[in-house]
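Data block below; observations after.
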Amino acid sequence: MRRAAVPLALGVLALLPFASSSQFLVTLATLTAVSAALGQAWNIAGGFGGLTSFGHAAFFGLGAYAAAILQTRYGLNPWLGLPAAAAVGGAAGWLIGFSAFRAGLRGSYFALVTLAFAEAFRVLANSLDITGGGSGILVALHPAPGNFQFADRRVSYALALLLLGLATGAAAWLASGRFGAQLMAVRENEDAARALGVAVVRTKSATLALSGALTALGGVLYVQSYLYLDPGIAFSAERSVEMLLIAMIGGAGTILGPLLGAIVVHAIADTTRSLIATPGVAPMLYGVVLLVIVGVLPGGLVRIVARHA
Amino acid sequence: MLEVRNLRRRFGGVLAVDGLDLDVGRGSITALIGPNGAGKTTSFAMIAGFVRPDSGSVRLDGTLMTGWAPERIAAAGMVRTFQVTQPFAGLSVAENIRLGAFLRTRQRRRATAEARAVGTRLGLGAWLDRPASALTVAGRKRLEVARALATVPRLLLLDEVMAGLNPSEINEIVALVREVRAQGVTILLIEHVMQAVMALADHAYVLAEGRLIAQGTPRQIAADPRVIEAYLGHGAAARIANG
């Protein structure tokens, strides 16, 4: 009963904005859903796989640039940005993972490598012609369903929910299947996993590829709703931090954790923004919340609502 | 079944294993013994693919496996346990064993059923749904064996499964190892506990300072002056003989 209560409540909450005409509510719900989806994408690598990345913005940015470049420079239909971004993000995840894991990098060393990749991509995007350099890429405003731009924001929200569903489905698949079991065994003890026939490097690389592909899809949604992209937006360290923060506050390595984390983080962000005008207060509060969670509830908020989540 | 030839490994200035030759016959229990630092664990690690040998070869049923990754060797049917037990601490006992079962099946239901059956057979029935970190030392040793058995190995490599156990626990594990062999699994074990080697092994190899110094039945080994000296120091065999 109690196990079903939380997903049910989240489901109702997710459908609420469709019944409302409030632009504010729909926008807030969209941002929360995208954050939750990105947090879940991080969670697949960082939570289930123990691959603590500090640079997931690398995948977000690659996906966003793939979508923006393909439609503005090559005239491709924006919808094709989705599979293209997933492919780019997946390939990048696999390559970064394979090279780092083959070299035996783990823990904070792996975290630093991902951070370095995100920074390197930002520098590259700043200096290349194809990305428009520091001035970025502007996507022409032309709202039409065939053009992946929508006058009704509720459609964007539906797409965000779809991505969230996809990422959560992937997490649920990990939690229940053979691949996920092998991944969690690798997270707990690599040598023991190898002794039982698990190909450690391949398992971790494939996980980072999956996580990277999902994160890149989030980048596409960003480009299609804001119609502008520059290196600072695409590869910002804040994005990387927000993704891991949401997963860890909610409960890393659980299916529901990133959903709860996203709701709490956005509640904090919007409350502080309306109460205190000084910029930078919200990130400080995230830090406080994270410290409290790590100290009091190491398993994340999800431990409060479901003991076996 | 297992043929090891001229296996050699140097760590810096130390020749850890110097030309190991070893055979394990199908259905047998073979022991590799020796004093601390003799190179047993390094030999084991090389056979199972965790340490790359400088030279020499390892063959299982005729297939050359030297240089293979551990996971590939495990998939080929040669599976090791660890002396220092390596549980997946955050997972339950059944989930630990299930990982072994997943080597042979993709179906969760089947892997779970097999894991529970193997766990129960090895006396972990009451612990299946508890976290692996809650197990006692003896329980963890059983878990090591259970996980390895769940992969349905042809050859099981047991690395000091008796170490750290009390005499009654040792007797239980001895019985367990016998039962595993009776089910058709060939066993190569490293062991410090001589009582266990005497009770279990068909054939034993003695390693000292990286070299093979003796081999034979446990009875022959126990009477071999070179073995006694390796364990008790130079001249010990003569002193014992002289009373």
So for [X], is it side chain, backbone, both, or neither that comes closer than 4.5 Å to the heavy atoms of chain A?
{"X": "Thr105(B)", "answer": "backbone"}
{"X": "Arg98(B)", "answer": "side chain"}
{"X": "Pro153(B)", "answer": "neither"}

Exercise. Using modelled atom types only, decide if a donor and an acceptor are shared between the side chain of Arg178(A) and the backbone of Phe102(B) within a distance under 3.5 Å.
Key: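 Here the side-chain-to-backbone pair exists.
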Exercise. Using salt bridge (Lys or Arg N to Asp or Glu O under 4.0 Å) as the criterion, list what pairs up with Arg108(B), not counting sequence neighbours.
Key: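 Not a single residue meets the salt bridge (Lys or Arg N to Asp or Glu O under 4.0 Å) criterion with Arg108(B).
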Quick check: closest heavy atoms across [X] and [Y], and the distance to 0.1 Å?
{"X": "Ala195(A)", "Y": "Ala74(B)", "value": "O-CB, 3.3 Å"}
{"X": "Phe88(B)", "Y": "Ala192(A)", "value": "CE2-CB, 3.7 Å"}
{"X": "Val200(A)", "Y": "Glu71(B)", "value": "N-OE2, 4.2 Å"}

Between [options], the one whose heavy-atom pairs under 4.5 Å with chain A are most numerous:
{"options": "Gln107(B), Arg72(B), Met78(B), Arg147(B)", "value": "Arg147(B)"}
{"options": "Ala75(B), Gly100(B), Ala150(B), Gly90(B)", "value": "Gly90(B)"}
{"options": "Leu99(B), Ile73(B), Asn96(B), Thr85(B)", "value": "Leu99(B)"}

Is the number of heavy atoms from other residues, nucleotides or ligands within 6.0 Å of [atom1] ([X]) greater than 12?
{"X": "Met248(A)", "atom1": "CE", "result": "no"}
{"X": "Phe54(A)", "atom1": "CZ", "result": "no"}
{"X": "Arg52(B)", "atom1": "CZ", "result": "no"}
{"X": "Arg202(A)", "atom1": "CZ", "result": "no"}

Quiz prompt | Sequence neighbours excluded - salt bridge (Lys or Arg N to Asp or Glu O under 4.0 Å) pairs with any residue from residues 28-42 of chain B | solution =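 Not a single pair qualifies under salt bridge (Lys or Arg N to Asp or Glu O under 4.0 Å).
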Exercise. Give me the contact list for residues 88-109 of chain A versus chain B, heavy atoms only, anything under 4.5 Å, ordered by residue number.
Key: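 Not one residue of residues 88-109 of chain A has a heavy atom under 4.5 Å from chain B.
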Quiz item: Residue by residue, which of residues 162-177 of chain A have a heavy atom closer than 4.5 Å to a heavy atom belonging to chain B?
Solution: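 Ser176(A), Gly177(A) fall under the 4.5 Å cut-off.
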Practice problem: Calculate, to the nearest 0.5 Å, the distance between atoms CD and CG belonging to Glu188(A) and Leu91(B) respectively. | Solution: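 The CD atom of Glu188(A) sits 5.0 Å away from the CG atom of Leu91(B).
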Self-check item: Point-to-point distance, once rounded to the nearest 0.5 Å, from CG of Leu196(A) to CD of Gln86(B)
Solution: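 Answer for the CG-CD pair, Leu196(A) versus Gln86(B), is 11.0 Å.
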